[in-house]
> 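The structure that follows is given in the form of structure tokens.
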Amino acid sequence: VILEEEDLEKPLSELKLGLVESDVDYDVAEKIIEEVKEELVGKEIKWRKDVGEIVEKALKDALLKIFDFQFNFDSYIQSKEKPINILFVGTNGVGKTTTIAKVSKYLMENNYSTVLACGDTFRAGATKQISEHGESLDTKVIKHEKGGDPAAVIYDAVEFAEANNKDVVLGDTAGRMHTDINLMDQIKKIKRVTNPDLVIFVDEAVAGSDAVERAKEFHKAVNIDAVVLTKIDADVSGGSAISITYEVQKPIIFVGTGQTYSDLKKFDSEWFVNQLFK
Amino acid sequence: KLGNSLKKSIRKIAGSGRIDEEAVDELTRDIQRSLLKSDVDVKLVKNLTDQIKERALEKKPKGANPREHVVKIVYEELVKIVGEGGAPPIESQDILLLGLQGSGKTTTASKLANYFKNKGMKVGLICGDTYRPGAYEQLKTLSQKVAIPFYGEEEADDVVSVIKNGLETLNDQEIRIIDTAGRHSLEEELIKEMKEIEKTVSPENKYLVIDASIGKGVKEQAKSFEKAVGIDGVIITKIDGTAKGGGALTAVSETNTKIAFLGTGEKPEEFEEFDPEGFISRLLG
Ligand SMILES: Nc1nc2c(ncn2[C@@H]2O[C@H](COP(=O)(O)OP(=O)(O)OP(=O)(O)O)[C@@H](O)[C@H]2O)c(=O)[nH]1
Ligand SMILES: Nc1nc2c(ncn2[C@@H]2O[C@H](COP(=O)(O)OP(=O)(O)OP(=O)(O)O)[C@@H](O)[C@H]2O)c(=O)[nH]1
Ligand SMILES: [Mg+2]
Ligand SMILES: [Mg+2]
């Protein structure tokens, strides 16, 4: 039996709706389903009654392919010349500061030393928040006066790391809307001046289709290297993981699974795609 | 009032001089896509567009321009769900701000306090978040920025006693706004804490603070907050980004309340009473 477009219409549109209901961005879902259709049209199958299963398997494979990257965070940290300078960016309230604290804990458990740079010189309580994390983790925090230049704070942190043989600098930045031209210019400047080894985009699994828009804009502005998706412990289907990855084509290296330091897990794309099909 | 992508399909209806089924089908498909991209719940979108289609194909009022007739229907059906603005009355009350982690509660607390202050009320702010590092400092700084009396206990971990002390200390204020820690429906301990806070304060108004970019998960959250303590209104934050706030429709229908305010930025004055017109045209993209 040769698969025709009409055989695929119904199962594909049901799967597309399923993706959208799982919080995958509408346009991304449409593109993925379109690619699956092109893959299957003209394909020869044994029994027509198997179409539903075949379509579902093709979609699963397509989704897994979206997450197929060669980047390994642990080997990167191990082999890269120290100090490694990592910059965290993202919109307001997604979990950047908390993620930095968790990543610091993770690195310290793997015997790397860290320096936290308070590059959020704007928001009320930002310095206090990251300082408290630094205290709990017993790791150095570099901070400046409120309203100071974020790039200068991060620059100082890297200098400190070099002078004191610290392995990784984690640079925090203020949350910002990708629609704010001045703030997007600022983040571009911060990147230019501090020249990070890795730029990590932090976004939250609770966000809907806007996750795509902001990932796209931040990628355009500062060229993201990897993504951390937070708050997957909330009651979410996590479709934004697909939308973001499809859009920027960069790996999700960690997911945030809660508010404590141990709530940071490696992103497991197989587990994730299987969850989606439950 | 309709966004550019819908204007084209509306024009097709107008062009035919009468409302034909095919043009209406195309319009409802476009509306569905816009609303889904704006994160409006799939079922809500289906019900809404069914309603729109049914009404659009009915006999239109004599002499009415077909295009205006359909635009009016789309608008009316959305207002039915979104509702009119639900700003609180300007009188003595205790307000509790609740919501997911990072949704904007602490920032909104200071904006709301500033709003009432500008209306001539005496307002106080209470820091009811004993978890988040720097929460006390954050609200204290924001309170100072808008010159509003503040109560908090920096090292405390019994949130109910902090709030009790706050209500006592600020009992000369007409309005007391209590900020709480972020929480979601699966965090049993935090949901339990929220119920205890609600019993302690017995606030006149409990607002669910929601990020405009929230996805389908808003349904579960709104349901569980409503079930746990009852919600009196919704505040949508970060509408100054590209998010359209479609999740707000689910939130108001799950809590059977209205949208009271919109947060349009990080500054205290970036706060407006909800007005359906601008919100709906944005939703339709
Ligand atoms: N449940 C849950 N909460 C999280 C997670 N990650 C962060 N949070 C919470 O989200 C809230 C915001 O976290 P922050 O780290 O302050 O976010 P941010 O991006 O630095 O915020 P801004 O600097 O204000 O833009 C806090 O209450 C965190 O505890 C997560 O993985 N799960
Ligand atoms: N652009 C923009 N940013 C906002 C708005 N409201 C709040 N924010 C920002 O969003 C981030 C999170 O705000 P918070 O007030 O800390 O959020 P929260 O709900 O108290 O967070 P938790 O206490 O951790 O649950 C901060 O960076 C705020 O400045 C808004 O309307 N627009
Ligand atoms: Mg932060
Ligand atoms: Mg807060």
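Residue numbering restarts at 1 for every chain, and letters A, B, ... go by the order of the sequence lines.
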> Report which part of Thr179(A) has an atom under 4.5 Å of a heavy atom belonging to chain B: side chain, backbone, both, or neither.
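The side chain, not the backbone.
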> Ser185(B) versus chain A, heavy atoms under 4.5 Å apart: side chain, backbone, both or neither?
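Side chain only.
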> With a 4.5 angstrom heavy-atom cut-off, which part of Leu139(B) approaches chain A: side chain, backbone, both or neither?
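Neither part.
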> Does any backbone or side-chain atom of Glu213(A) lie under 4.5 Å from a heavy atom of chain B? Answer side chain, backbone, both or neither.
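The side chain, not the backbone.
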> Using 30° and 60° as the class limits, which term best fits the ring planes of Phe261(B) and Tyr115(B): parallel, tilted or perpendicular?
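Phe261(B) and Tyr115(B): perpendicular rings.
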> Check each atom of Asp25(A) against the heavy atoms of chain B and say whether the ones under 4.5 Å are side chain, backbone, both or neither.
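For Asp25(A), the contact with chain B is made by the side chain alone.
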> So which part of Asp180(A) gets closer than 4.5 Å to some heavy atom of chain B, the side chain, the backbone, both or neither?
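Answer is neither: Asp180(A) stays 4.5 Å or more from chain B.
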> So for Glu132(A), is it side chain, backbone, both, or neither that comes closer than 4.5 Å to the heavy atoms of chain B?
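For Glu132(A), side-chain heavy atoms alone lie under 4.5 Å from chain B.
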> Is Ile130(A) in contact with chain B via its backbone, its side chain, both, or neither, using a 4.5 Å heavy-atom distance?
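When you check distances to chain B, no heavy atom of Ile130(A) falls under 4.5 Å.
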> Identify which part of Gln259(A) has an atom lying under 4.5 Å from any heavy atom of chain B, answering side chain, backbone, both or neither.
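Side chain only.
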> Tell me, for Gln144(B) versus chain A, whether the close heavy atoms (under 4.5 Å) come from the side chain, the backbone, both or neither.
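Neither the backbone nor the side chain of Gln144(B) comes within 4.5 Å of chain A.
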> Regarding Glu187(B) and Gln101(B), is there a side-chain donor-to-acceptor distance under 3.5 Å anywhere?
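Checked: Glu187(B)/Gln101(B) side chains pair up, N/O donor to acceptor below 3.5 Å.
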